[in-house]
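As the structure is a prediction and not an experimental result, all values here were calculated from the model. Just so we're on the same page: letters track the sequence lines, and every chain starts at 1.
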Amino acid sequence: MAATTMAQALNRALRDAMTADERVLVFGEDVGQLGGVFRITDGLTRDFGEQRCFDTPLAEAGIVGFALGMAMGGFKPVVEMQFDAFAYPAFEQITSHVAKMRNRTRGHLTVPMVIRVPFAGGIGGVEHHCDSSEAYYVHTPGLKVVTPATVNDAYTLLREAIDDPDPVIFMEPKKLYWSKEDIELRHLDEPLGHAAIRRHGKDATLIAYGPSVPVALQAAAAAAEEGIDLEVIDLRSLVPFDDDTVMRSVRRTGRCVVVQEASGFAGFGAEIVARIQERCFHSLAAPVIRVSGFDIPYPAPMLEHAHLPSVDRVLDAVDRLQFTDEPDHRYLTGAHS
Amino acid sequence: MSHPATDLLPSATPVRYLAEDGTTVDGPAGYTQPSVEELREAHRRMVVGRRFDAQATALTKQGRLAVYPSSRGQEACQIAAAMVLRRDDWLFPTYRDSMAMVSRGMDPVEVLTLLRGDAHCGYDPNAARVAPQCTPLSTQTLHATGLAYAMRRKGTDDAVLALIGDGATSEGDFHEALNFAAVFEAPVVFLVQNNGYAISVPLEKQSAAPSLAYKGVGYGVRSEQVDGNDPVAMLAVLHKAFEHARAGKPFLIEAHTYRIEAHTNADDATRYRDSDEVDRWLDADPLARLEKHLRSIGALTDEDVAAAQAEGEQLAADLRSRMNAEPHLDPMTLFDHVYARPTTQLVEQRDLLATELKAQEG
């Protein structure tokens with residue numbers, strides 16, 4: 001069996017969803033003949049026709065607002081925002097209308113739709129092409145927000161997002177588009193909202209999502225060589241948030257590091273840490289630590305390596321979890337605060 | 001599809017068939033005139049609509065409505081908008097379009113729940129074929145366009161009417177909606193009620209275009225400007241616009257009108273406009289104009305007018321009594337309809353509120 005890339009898995013998910021349900025439509029900028037700038041929609045217009053997969057004028061608010069109207073009319077739009085920061089013109093449509101239509105109309109109007117946002121960095125993109133914008137969406141009640149980290153999840157989460165009765169922001173980690181796995185894509189057909197334990201361990205829990213999952217797994221592999229046994233949780237779904245899987249793991253290990261590529265201040269990782277200290281305080285042997293990008297606008301591509309949470313930065317955080325009886329002077333003096 | 005630009009251009013002056021004194025004037029050819037029966041119906045609805053508007057305004061003074069944006073003076077636009085819609089067409093109103101919604105046959109109490117503050121949308125939009133009243137500006141023009149395209153894709157000849165004000169034509173969504181509507185041949189009509197002010201900002205600070213209708217031309221959308229206080233012209237132009245829309249050609253209308261009252265009851269209009277201006281527009285009143293016209297052709301009697309007024313009084317009395325009853329709202333419904341199924345986090349918060357409410361009872 002040939003290896004499948006995440007990009008191919010996403011394409012297959014769109015194809016299978018369009019085959020399964022005629023109401024599923026794919027549209028956005030360059031998704032037709034070109035197949036999308038990342039080729040996620042490759043061949044869909046050829047195989048399903050221009051009625052099912054089509055290019056729109058270049059206007060993100062227009063794409064999302066138009067999609068909302070089509071969802072009101074019984075279609076299931078899957079729209080592409082092309083790049084994270086290009087979605088900001090659609091922000092009002094997403095937060096004021098897509099997220100709220102079910103609630104505003106007390107369930108009479110629902111707008112099941114998927115907004116695909118290729119996000120995060122690590123691809124050498126120029127400015128406005130590498131934002132991690134998930135915090136804006138997770139802060140908006142009414143939206144579901146998911147992000148795959150594996151090839152199979154790219155397939156199954158996108159199928160589930162399209163089947164979901166609520167609007168879903170589908171965050172695609174760009175740097176993983178070309179990651180490969182030798183697997184048969186499987187549709188799990190379960191509701192969104194389940195985290196996955198990617199590696200079992202007993203000493204501490206690493207929590208990551210999207211582009212940070214491979215980083216966390218590499219860090220866990222490196223820590224294992226030093227005799228530290230790390231558990232790695234891939235959240236998969238940010239909203240709904242799987243408290244159960246996260247809290248069970250942290251109560252068991254007593255130590256936790258949250259890894260995100262986005263800037264740290266008021267980011268999604270802060271929510272995770274807050275939830276853990278509210279629910280697991282008495283199980284904790286050390287403060288929960290965040291590893292994130294710096295609180296800076298996404299840097300120019302030749303400097304992004306210094307910004308992105310690296311395996312070393314994650315391992316440093318793991319070191320600060322006080323695995324010995326010796327007090328960690330770095331933490332106690334606040335050098336890292 | 002491309003058009004010669006001249007096919008898209010609005011007439012040089014607003015389309016008008018009735019002068020302010022109710023006499024007929026020579027308007028442009030190419031528009032089918034509404035029948036006398038239709039005008040009698042428009043008159044009845046305008047009388048009732050104005051009474052509804054006055055009652056809603058009074059309800060704000062009694063504290064029964066949190067806010068009410070009056071559309072007094074815009075009756076010709078509001079009633080024509082309701083009258084040209086077929087049952088399965090959709091209306092996308094703004095917060096100022098309650099009169100059009102009531103005239104479409106909706107329960108006035110359900111229309112006013114947004115403004116009373118007990119629900120964002122007090123009715124079933126699918127049943128009424130009326131979208132939630134939109135308070136952000138122009139965002140709903142895109143929804144209208146998308147829904148219109150969806151209806152066309154399903155093979156119906158139903159159409160959509162999106163209402164906005166003059167200020168909303170400055171918003172990006174308006175322009176994206178015009179562009180999408182033209183490119184996708186969506187059966188949608190955009191009706192701009194230019195009432196002179198976006199809260200306090202006059203039109204000349206809003207737009208330098210010769211007419212707001214010119215904003216359609218660049219997108220390939222046929223456009224027209226009309227005297228928004230002339231019910232005959234409003235019906236004629238809207239009928240034409242819907243013919244176009246049902247054939248897949250969107251249409252933009254700028255109706256020149258005026259809101260006699262302030263932006264809302266919370267606004268002080270004397271800060272930005274003088275009473276002479278208001279008086280001039282009172283002389284252009286759409287209801288008086290139609291009444292004079294219908295009387296002059298022998299199509300309206302004192303009895304007709306009294307009957308319409310009685311109907312308005314009945315509606316107002318019913319509205320008063322029903323709005324005087326305190327709505328019973330269950331705080332536990334806060335958690336309904338956030339998602340199809342509540343998240344575990346929402347279930348926890350719902351339990352917390354239930355505990356709090358129980359403690360308050362005890």
Most chain A-contacting option - heavy-atom pairs closer than 4.5 Å, from [options]:
options                            : value
G122(B), A186(B), A127(B)          : G122(B)
G172(B), A144(B), A119(B), P125(B) : P125(B)
T139(B), T333(B), T145(B)          : T139(B)
M151(B), Q140(B), K154(B), R341(B) : K154(B)

Under 4.5 Å heavy-atom distance to chain B, tell me which part of [X] shows up: side chain, backbone, both or neither.
X       : answer
L143(A) : backbone
K100(A) : neither
F54(A)  : side chain
V239(A) : side chain
T110(A) : neither
P191(A) : side chain

Going by the angle between their ring planes, with limits at 30° and 60°, are F184(B) and F66(A) parallel, tilted or perpendicular?
-> parallel

Can you tell me if [X] has over 12 outside heavy atoms packed within less than 6.0 Å of its [atom1]?
X       : atom1 : answer
E348(B) : CD    : yes
R279(A) : CZ    : yes
Q33(A)  : CD    : no

Using the test side chain to side chain contact (heavy atoms under 4.5 Å, CB included), find all partners of Y136(A) that sit at least two apart in sequence or belong to another chain.
->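 With neighbours one apart ignored, the set is Y88(A), F91(A), S133(A).
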
For [X], is it the side chain, the backbone, both, or neither that has a heavy atom closer than 4.5 Å to a heavy atom of chain A?
X       : result
D124(B) : both
V338(B) : both
Q133(B) : backbone

Go through the side-chain N and O atoms of H143(B) and Q93(A) and say whether any donor and acceptor fall under 3.5 Å apart.
-> yes

Identify the two heavy atoms, one from W90(B) and one from M72(A), that lie closest to each other, and give their separation to 0.1 Å.
->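 For W90(B) and M72(A), the tightest heavy-atom pair comes out as CZ3-CE, 3.8 Å.
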
Over all heavy atoms of both residues, which pair between G62(A) and F180(B) is shortest? Give the atoms and the distance, please.
-> C-CZ, 3.6 Å

[X] vs [Y] side-chain heavy atoms within contact, under 4.5 Å:
X       : Y       : answer
R275(A) : Q345(B) : yes
Y339(B) : R102(A) : no
H97(A)  : L142(B) : no
P132(B) : L109(A) : yes

Looking only at G107(A), A61(A), P112(A), G142(A), most heavy-atom pairs under 4.5 Å shared with chain B are made by G142(A)

Relative to chain B, which of P165(A), G69(A), P167(A) shows the most heavy atom pairs under 4.5 Å?
-> G69(A)

Can you measure from CG (L68(A)) to CG (L147(B)) and round to the nearest 0.5 angstrom?
->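 It comes to 9.5 Å.
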
Do side-chain atoms of D336(B) reach the backbone of R106(A) as a donor and acceptor pair under 3.5 angstrom?
-> no

Contacts of residues 104-118 of chain B with chain A (heavy atom under 4.5 Å) = none

